Amino acid sequence: MGLAMGIHHLLLVEDDMTWRDGVGRAAREAGFQVSHVSDGMEALTWLSQRPRAQHPDLILMDLLLPRVDGWELYGRLRTDARLRHLSVMMMSSARGLPPEVPLGGVVGFLHKPARPEALVTELTERLRELPRRTEEAPRVPYALRLSDASLYSLHSLPDAVRHSVRVHLLRAAELAASELPLASSWLMALHSEQPSLLVTVEGVRVVLEVDDAACALTASIVIVPSHLRGS
C-alpha cells in the first residue's frame, strides 16, 4: 500500500481485546503489517527488544491504558533518543481531541467510532493527507514528571479537559528544551526562587518546577476550578 509518509507497519497499543482484534484485522485487510501490545509498558518493552530497522512506521495508541497510559508512553518515547524518531497517532473515545498546540512526533488524533473497521478507514484517509515525514532537529524535550497527587487531580477531570491539559503539559516540556517562554495565552514563566512554569488550560492551573540539570519538569501543584471537580 503506497500511503503518504511510507507507513506500512503499525504498532497497535490497545488494552481492549475486542478493539485490538478488530482494528488489527481491518488494518491487515487494508494492507498494513500489524504488531500489537496491550499497554504502554508492553510497548516500551517490545520496542527496546528490537533494532531500529524493525521498529514500526507508526504507533497507533489508545490514550486510556493500564500501567503506562498513552500520554506517559508518548512522553517516554520523546525523551528516549533511540525512540523519538517514531511517529504517533493517538486515539480516544473522548470528544474534542485535536490539540490547540502541536506535539512533536504526533501526526494526528482519532476519535474511536462504534466499529474498529471505521477507525481504520479514517486512519487510512488521514495518512493519505499527511505530508511526507522530515527528520527533526536533535533537540530532546524535557521529561515530564507527574506525582501521584497530580495524576489523581488530572484523572478527576472530564476526559476532554484532561486530554487538553496533558497535551499542553507535554508541549511545555518541548518548549522548555529550547527557551523558557515568558508568557503566552496558556504558558507563563513564574518569578520565583525555583524556576517554574504555570500552565493554564480551561481554568485548570498546573505549576511545573523546572530542573535544568535533570532536564525535567515536575508538576508540583494542580489547581482544579470548583465547576470541574467531581465531573
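The shown structure was predicted, so the numbers you read here are calculated from the model rather than taken from an experiment.
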Side chain to side chain contact (heavy atoms under 4.5 Å, CB included) between L86 and L47, worked out: CA-CA 10 Å; L86 292 165; L47 291 165; 4.0 Å; yes
Start with the C-alpha gap between V107 and I7, add the side-chain angles, then the distance that decides, and say whether side chain to side chain contact (heavy atoms under 4.5 Å, CB included) holds. CA-CA 12 Å; V107 299; I7 291 175; 5.7 Å; no
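Checking side-chain atoms of H36 against main-chain N and O of E14 turns up no donor-acceptor pair under 3.5 Å. Here the side chain of D57 pairs a donor or acceptor atom with the backbone of H8 at under 3.5 angstrom. Remark: the backbone N or O of R84 is paired with a side-chain donor or acceptor of R78 at under 3.5 angstrom. Between the side chain of Q194 and the backbone N or O of V210, at least one donor-acceptor pair lies under 3.5 Å. At distances below 3.5 Å, not a single donor-acceptor pair connects side-chain atoms of R20 with backbone N or O atoms of S38.
Note: the hydrophobic cluster containing L144 also contains M41 (ILVMFWY, side chain heavy atoms under 4.5 Å, direct or indirect links).
Minimum heavy-atom separation, D69 to L63: CB-O, 3.4 Å. Between V167 and L103, the closest heavy-atom pair is O-CD2, 3.6 Å.
Tested against L10 for a side chain to side chain contact (heavy atoms under 4.5 Å, CB included), the candidates V120, I59, L58 yield a single pass: L58.
Classification of the W71-H163 ring pair by plane angle, with boundaries at 30° and 60°, yields tilted.
Side-chain N/O atoms of Y142 and D212 include a donor and acceptor closer than 3.5 Å.
Taking the charged nitrogens against the carboxylate oxygens, R171 and E174 do have a contact shorter than 4.0 Å, which makes a salt bridge.
Around the CZ atom of R205, the shell of radius 6.0 Å holds no more than 12 heavy atoms that belong to other residues, nucleotides or ligands.
Residues F32 and T124 meet the side-chain proximity criterion, which asks for heavy atoms closer than 4.5 Å.
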